[in-house]
Amino acid sequence: MQSETPGEISEAQIAVHWKEEQFIDPPARFIAQANMADQGIYERFSEKNFPECFREYADLLSWDRYWHTTLDSSNPPFWKWFVGGKLNVSYNCVDRNLPKYRNKAAIIWVPEPEEEQDVIVTYQELYNKVNEFAIALSEFAGLKKGDRVTFHLPMIPALPISMLAAARLGIIHNQVFGGFSAKACAERMEDSKSHVLVTCDGYYRNGQLLDKKADADATVEEAEKHGIIVKKVLVWRRLPGKYISKSKMVEGRDHFVDELLDKVRGRKVSPLSMDAEDPLFLMYTSGSTGRPKGCQHRTGGYLAYVAGTSKFVLDIHPEDTYWCYADIGWITGHSYIVYGPLSLGATSVMYEGVPMFPDPGRPWRIAERLGVNIFHTAPTTIRMLRKAGPKEAEKYGYHFKSMTTVGEPIEPEVWKWYYEVIGKGEAVITDTYWQTENGGFLCSTLPAILPMKPGSAGPGVPGIYPVIYDEDGKEVKAGLGKAGNICIRNPWPGIMQTIWGSPERFVRQYYSKYCRDEKSKDWRDWPYFAGDGAVQAFDGYFRILGRIDDVIKVAGHRLGTKELENAALTTEGISEAAAIAQNDEMRGHVPIIYASLKPGYSPSKELEQQVISNIAKELGPIAKPHAVYIVQDLPKTRSGKIMRRVLAAIANSEEYGDVTTLANPDIVETIRKMVQEKSQGSNT
Ligand code: PRX
């Protein structure tokens, strides 16, 4: 990101002043059983062995045909991995586990209502259902290799089954987070040119039964406005045979999946042998423009990368009971609830609801009852549980050997609570830094080899060579206490292939900033720009400071400021809007909107409410701003750029610095007073 005005301090340079924490060693008991306790791995994955080192990950998979070229970098930055290789992801995650683990649980689904029974999906049952649904997708919905199918599913077993069924036939799946609005889903259908929607009747969240099929009706309507005719809506019933939605099934368009599966019961379809470079799925995410981008992930490199990192970082063994409390609608769930763990033959726990339902002891009851020994979640969940039930975990007799945190920086205090109270001082913690674009982890410790440091992710994982650059592309050396932009110097198998339909945007977004020579075919000239600020300590550990671009992380969810602003602008009377992130004790950040009005309109509570409800409608309830400030004007540079940094400083009661060079400096103080008065008002 360029700074707003020349000479101004960049976002990445503003370091968070946490003091350096002490190292904590992993327990001997963990090391004794770890998948990777061999220090030699860092040497094997060092630059001199790149890219062939990644064979070690690819060799964890079953290939139909071995590859001839590990990395083809002839067309940077469109890297190709394991070229010439053929494999099928569904085969690797399902079929190949049958001989050893046929009747072992692949997925244990825990419904939110506590009195409801778990659903245990064995590898055999998963195999049956994946085959049957693959047949439904091809024979009934007419989908074939390379077509896109959209899923708008919550955390129910139908979701991994649908993903694996699509993967079986090379149909590219596009799962839209279940909590996103119908409109957001329709936009993703339009971008991916997808004509089949897979959804369900309903699900439980926070004690409420939510109607998902009603969302599907709205999605179809909305998609039509965007020129997409949804030909088929396939509706999984949360419990087969029992329809819990109020929405009517539309004849010819809507079909119950359990009925379709009954018709093909027992039939099998061979997994299609896919090129390693064939796309596996799209995952849309927010960036610095209003349009979400479809991160396109490949078959071979992606699966190799998530299998390798699941084995060596998460330390998953087939006999472990692993629970990642995240949503499969996000990349964490794709990589580390479904593809990584299942490719290793593990038992992956899926929980439908919210962790605090009906009380903050719920996660620990689940862990105790199922014998979960690996736990994985985001700082926002950890903070919530810490606040609501600081001693709750002590009541339950589970034992974790390892725990992971992902998605946001974790404060050392929160980390220590996670370690001491949730982990009972027995479990190692990995703080894994990565992004939707990356497929799998970028920075983390290998838990049996390196000590933990609260608040720091650790060095690059094997085969990832991170570096911090300043705005001019000069390396910021470790230990200087200076922040800069974290980049990855090399390609890796999990990196996305491109942005669906926008290769130029892919190059511009991730590579243009630090590319040394656009004509170069040498990967060393093409560092990957992650868009995060970071500092590196003397010991080589990275501390991630957060996004430097127009992205806000709210409770671990990624939202684009442009998307929020566009949604605010759908409100009648709003002329300009600026979305910024306000610090929040629990959720990390929450969005705040500053908006100015068109002539003839005046500020009112109703207008503020309208902005909030329009944002919820356009993007989904997670995007709801915590406050809307209607102001006379927004502070701008002379060239007309809105000074979001100043607005963020005001919302966070921080110094906003020198604003005298702005086009309208006086407005800053007016806004500050207004925000102060309003927040005092809301505190009384
Ligand atoms: O800012 C970083 C933050 O989350 C962003 C990526 O978000 P998303 O694509 O939704 O993927 C989240 C799950 C992989 C990053 O740019 N982030 C992710 N992990 C960490 C983190 N910040 C600090 N520490 C982490 N461990």
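When a ligand or atom number is given, it counts from 1 through the structure's own listing order.
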What residue and atom, counting heavy atoms only, is the protein's closest point to atom 12 (C) of ligand 1, and at what distance?
Lys553 NZ, 3.5 Å
Starting from atom 18 (C) of ligand 1, locate the nearest protein heavy atom and write down its residue, its atom name and how far away it is, to 0.1 Å.
Trp434 O, 3.2 Å
I need the Asp532 CG to Ile548 CD1 distance, nearest 0.5 Å.
7.5 Å
Ring centres under 6.0 angstrom apart (Phe54, Trp492)
no
For ligand 1 and Thr332, I'd like to know whether there is a polar contact (N/O to N/O, distance under 3.5 Å).
no
Using a 4.0 Å cut-off to any heavy atom of Arg558, which atoms of ligand 1 qualify?
6 (C), 7 (O), 8 (P), 9 (O), 10 (O)
At a 4.0 Å threshold, what atoms of ligand 1 neighbour a non-hydrogen atom of Pro409?
22 (N), 23 (C), 24 (N)
For residues 321-337, which residue pairs qualify under salt bridge (Lys or Arg N to Asp or Glu O under 4.0 Å), counting only residues two or more places apart or in two chains?
none
Within the structure, is a non-hydrogen atom of Ala530 found at a distance of less than 4.0 Å from ligand 1?
no
Gln435-ligand 1 polar pair, N/O distance under 3.5 Å
yes
Centroid-to-centroid, Tyr305 to Trp434, below 6.0 Å?
no
Which heavy atom of Tyr302 sits nearest to which heavy atom of Ser335, and what is that distance?
OH-OG, 2.8 Å
Nearest neighbour in protein (non-hydrogen) for atom 19 (N) of ligand 1
Gly407 N, 3.1 Å
With a 4.0 Å cut-off on N to O distance, would you call Glu471 and Lys513 a salt bridge?
yes
Nearest non-hydrogen contact to atom 9 (O) of ligand 1 from the set Ile552, Thr436, Asn438 belongs to Thr436
Mind checking what makes side chain to side chain donor-acceptor pair (under 3.5 Å) contact with Thr430, not counting sequence neighbours?
Thr404
The one among Arg543, Met283, Glu408 that brings a heavy atom closest to atom 24 (N) of ligand 1:
Glu408
Do Ile486 and Cys443 have side-chain heavy atoms sitting under 4.5 Å apart?
yes
What residue and heavy atom of the protein are closest to atom 16 (O) of ligand 1, and at what distance?
Asp532 OD2, 2.5 Å
